[in-house]
Amino acid sequence: MSTESVAVEDLTLEDAAAELERLAKEIARNDALYHGKDQPEISDADYDALKRRNDAIEARFPELIREDSPSRRVGAQPSNTFAPVVHSRPMLSLDNTFSQEDVRDFVASVYRFLGRLPDNSIAFTAEPKIDGLSMSIRYENGKLVTGATRGDGTTGENVTANIRTINEIPNELPRGVPSVVEVRGEVYMAKSDFMALNAQMEAEGKQTYVNPRNTAAGSLRQLDAKVTASRKLRFFAYAWGEMSEMPADTQMGMVETFKSWGFPVNPLMKRLSSVDDILAHYAEIGLERPDLDYDIDGVVYKVDSLELQQRLGFRSRSPRWATAHKFPAEQAFTIVENIDIQVGRTGALTPVARLTPITVGGVVVTNATLHNEDYIRGIGNSGERIREEEHDIRIGDTVIVQRAGDVIPQVLDVVMEKRPAEAEPYQFPKVCPVCGSHAVRERHEKTGKLDSVTRCTGGFICRAQATEELKHFVSRNAFDIEGLGSKQIDFFFENEDPALQIRTAPDIFTLEKRQASSLTKLENIDGFGKVSVGKLYAAINDRRSIALHRFIYALGIRHVGETTAKLLARSYGTYEAFAAAMKEAATLSGDAWNDLNAIEGIGEVVARAIVEFYKEPRNIEVIGRLLDEVRPQEAEQPVTAGSPVAGKTVVFTGSLEKFTREEAKARAESLGAKVAGSVSKKTDIVVAGPGAGSKLDKARELGVQTMDEDEWLALIGG
Ligand code: IVH
């Protein structure tokens with residue numbers, strides 16, 4: 001019997017592999033017939049059935065997903081950076097309204113602007129505001145040519161390869177559509193897909209994602225479109241950019257057109273005329289919100305008539321004809337059952353309220369961060385009161401918790417009438433609950449202000465700091481070691497057997513060797529097994545060569561996040577150059593120190609933190625052992641073949657006339673130049689506009705090449 005007719009559940013591994021191969025070929029052949037020659041051989045339904053079967057087999061045997069799998073649907077090779085895309089029409093944002101009063105004002109202002117009496121004669125559309133990422137997708141002659149993020153509204157990022165992997169977005173439009181079509185809308189991840197992804201992450205011992213929106217954003221901004229393809233992203237069309245012809249003259253008509261072209265549109269969109277009806281629809285969407293499979297954070301109202309939209313026009317960044325009516329942050333009452341202290345990687349003691357579980361906006365909340373000692377007492381970060389004096393948070397208190405969009409649940413206030421008589425003010429610990437070292441609040445060197453964070457002084461002897469450091473090291477944006485999650489790290493850290501112990505990062509890479517000569521085998525330990533141990537070693541060995549920015553980020557230097565790590569990698573090129581420069585910068589003066597501070601995006605606090613890190617002998621020792629095992633790669637330079645300024649350090653000073661400072665910087669960087677904030681011996685070019693002062697003087701003094709804006713433009717080719 002051929003595998004073609006075997007139900008997916010009944011396929012053996014071998015059959016499944018053969019079947020995936022057949023489907024890949026068959027689908028590719030039909031794609032070519034459909035797209036290339038406009039001569040499909042099978043019906044759309046049959047084609048969909050092929051794809052569904054492919055998806056079902058891949059879901060059952062993810063290890064068999066082929067390089068050329070139709071589910072990946074990627075044409076282009078991964079690029080190095082996202083090229084900028086200037087939007088043909090700016091992508092605007094929306095004004096927010098928060099109350100019924102605001103909505104009445106909005107509607108009244110529309111009538112007033114148009115010089116009409118408020119007689120309910122103007123229709124509005126009302127639809128959910130999707131909590132995702134806005135995207136502009138351009139089609140020329142019916143073919144998808146560009147997908148771009150919103151960016152700053154004027155210039156976005158070219159994510160075409162990634163957009164093509166989203167099944168809900170057609171790669172091709174039906175015949176007869178206008179020659180230029182730009183469909184805009186929201187890319188998002190369904191809540192159910194998000195939960196499934198997290199369940200999978202957890203099962204693989206990987207770090208879970210925070211929320212669907214960030215996951216969608218992260219998935220979309222992958223340089224490797226295959227990663228995007230492996231995530232299920234979805235789309236709702238609700239707006240447009242350039243259109244060579246308008247297929248409708250109302251908002252509703254446009255959205256219906258998009259639907260007929262194959263785009264998903266939101267089913268809760270309605271056309272309404274009176275404010276009361278609009279508000280009733282808002283309330284209805286609010287009621288449905290917990291049951292929707294996607295996050296929404298409000299309802300968007302738009303004037304339906306495109307002619308009226310045009311007359312109403314725009315304020316600086318938002319249209320006069322639309323507004324977003326936001327949902328209030330959700331609140332609920334619950335009880336603080338306990339206050340725990342968590343010790344983080346940098347030793348910060350963070351109090352966490354353990355709450356009687358309560359549902360807030362469809363999500364069960366059991367914990368809320370209390371930030372720090374001051375927050376518990378009702379004092380904010382700048383020393384201001386955030387709650388009334390006696391409203392300090394105590395164990396046993398009934399509190400109001402709030403959850404808004406992305407943010408971690410907050411304890412807003414205490415219900416004083418419900419405070420138990422025996423409730424005592426919370427005593428913030430004076431010692432680290434994990435290692436017993438003193439916990440202190442540092443004083444700011446310059447301002448003398450007491451830091452709001454209490455820190456454990458135990459450093460490396462503190463088990464919490466050490467394990468958190470390891471967890472950071474293996475985390476997704478650092479070494480990303482599959483199979484080494486939080487649970488596994490705790491296991492290896494606590495283990496007393498030298499052949500099974502991981503106390504510092506280099507130990508991860510010596511584990512396999514130590515195991516080879518040991519009698520206690522990892523594979524015999526509960527929760528591991530032969531296959532997973534093999535996979536773990538493979539995952540570890542896979543990281544013996546690693547991107548420089550990941551390596552730097554993984555070191556866990558205070559204030560050095562991913563972005564800073566990338567800046568450092570790009571500026572220094574190799575780990576050796578970076579480490580040597582940091583050692584040299586130890587005196588907080590001299591060229592190495594100045595160069596570090598001259599990196600645009602690196603301020604003094606960060607610079608100091610890095611230098612301090614390299615002064616600590618223990619760090620040097622651990623990194624030394626790590627470098628015996630791992631080789632950081634040379635930083636990749638952006639693709640800038642033929643760029644006259646690649647690798648050059650450029651400083652812009654004075655006022656620029658042809659472009660903003662940001663544009664100039666982005667342009668230079670896209671051509672492979674490094675843009676610095678101050679002039680040093682390492683500067684190659686200073687571009688000086690009118691009013692340039694000390695930087696230009698310094699450049700001349702140092703003999704650095706200087707030029708004006710036009711000369712710069714001529715150099716980079718306009
Ligand atoms: S209309 C000119 N409709 O909200 C108006 N935006 O705060 C263009 N958004 O950047 C936007 N759902 O990312 C519109 N149904 C919806 C929306 C929506 C979500 C986002 C969009 C926009 C942001 C503005």
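For ligands, and for the atoms within them, numbers begin at 1 and follow the listed sequence. Residue numbers run from 1 in the order of the sequence given. In this text the structure is predicted, and so the values were computed from the model without any measurement.
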Atom 10 (O) of ligand 1 [closest protein heavy-atom partner, distance rounded to 0.1 Å]: S134 OG, 3.6 Å

A322 near ligand 1 by a heavy-atom separation under 4.0 Å: no

Part of K129 with heavy atoms under 4.0 Å of ligand 1, whether side chain, backbone, both or neither: both

Ion pair check, R104 and D276, cut-off under 4.0 Å: yes

Pair D304 + R271, salt bridge at N-O below 4.0 Å: yes

Ring pair (Phe, Tyr, Trp, His ring centres under 6.0 Å) assessment of H325 paired with F106: CA-CA 10 Å; H325 188 180; F106 161 72; over 10 Å; no

Expected output: side-chain T228 to main-chain N162 donor-acceptor under 3.5 Å: no

Protein heavy atom at shortest distance from atom 13 (O) of ligand 1: E186 OE1, 2.9 Å

Protein contact to atom 8 (C) of ligand 1 [nearest heavy atom, distance to 0.1 Å]: L92 O, 4.2 Å

Heavy-atom nearest neighbour in the protein, as seen from atom 14 (C) of ligand 1, with distance rounded to 0.1 Å: Y238 CE1, 3.2 Å

For ligand 1, the portion of P128 having any non-hydrogen atom under 4.0 Å away: backbone

Contact with ligand 1 for M269, non-hydrogen, under 4.0 angstrom: no

Nitrogen or oxygen of E127 less than 3.5 angstrom from that of ligand 1: yes

Which residue and heavy atom of the protein sit nearest atom 2 (C) of ligand 1, plus the separation: P319 CG, 3.7 Å

K270 and E127 ion-paired at < 4.0 Å: no

Within reach of ligand 1, part of A239 (heavy-atom separation under 4.0 Å): neither

F124 ring center near Y301 ring center (under 6.0 Å): no

N or O pair under 3.5 Å between W321 and ligand 1: no

For R150, atoms of ligand 1 separated by under 4.0 Å from a heavy atom: 10 (O)

Atom 12 (N) of ligand 1 - nearest protein heavy atom and its distance: I130 N, 3.0 Å

Any donor-acceptor N/O pair, E168 side chain to F235 backbone, under 3.5 Å: yes

Which segment of V300 sits under 4.0 Å of ligand 1 when only heavy atoms are counted: side chain

Side chain, backbone, both or neither: M91 near ligand 1, heavy atoms under 4.0 Å: neither

Test item, S318 contacting ligand 1 (heavy atom, 4.0 angstrom): no

Ring centre gap for Y294 and F236 strictly below 6.0 Å: yes

Validation row, ring centre F327 to ring centre Y282 under 6.0 Å: yes

Salt-bridge contact D193-R231 (side-chain N to carboxylate O under 4.0 Å): no

Side chain R138, main chain V181, donor-acceptor under 3.5 Å: no

Note: R89-E242 ion pair, threshold 4.0 Å (strictly below): no

Numbering as shown, the atoms of ligand 1 that approach L94 to under 4.0 Å (heavy-atom distance): 5 (C), 6 (N), 7 (O), 14 (C), 24 (C)

For atom 3 (N) of ligand 1, the protein heavy atom that lies nearest, with its residue and separation: K302 NZ, 3.1 Å

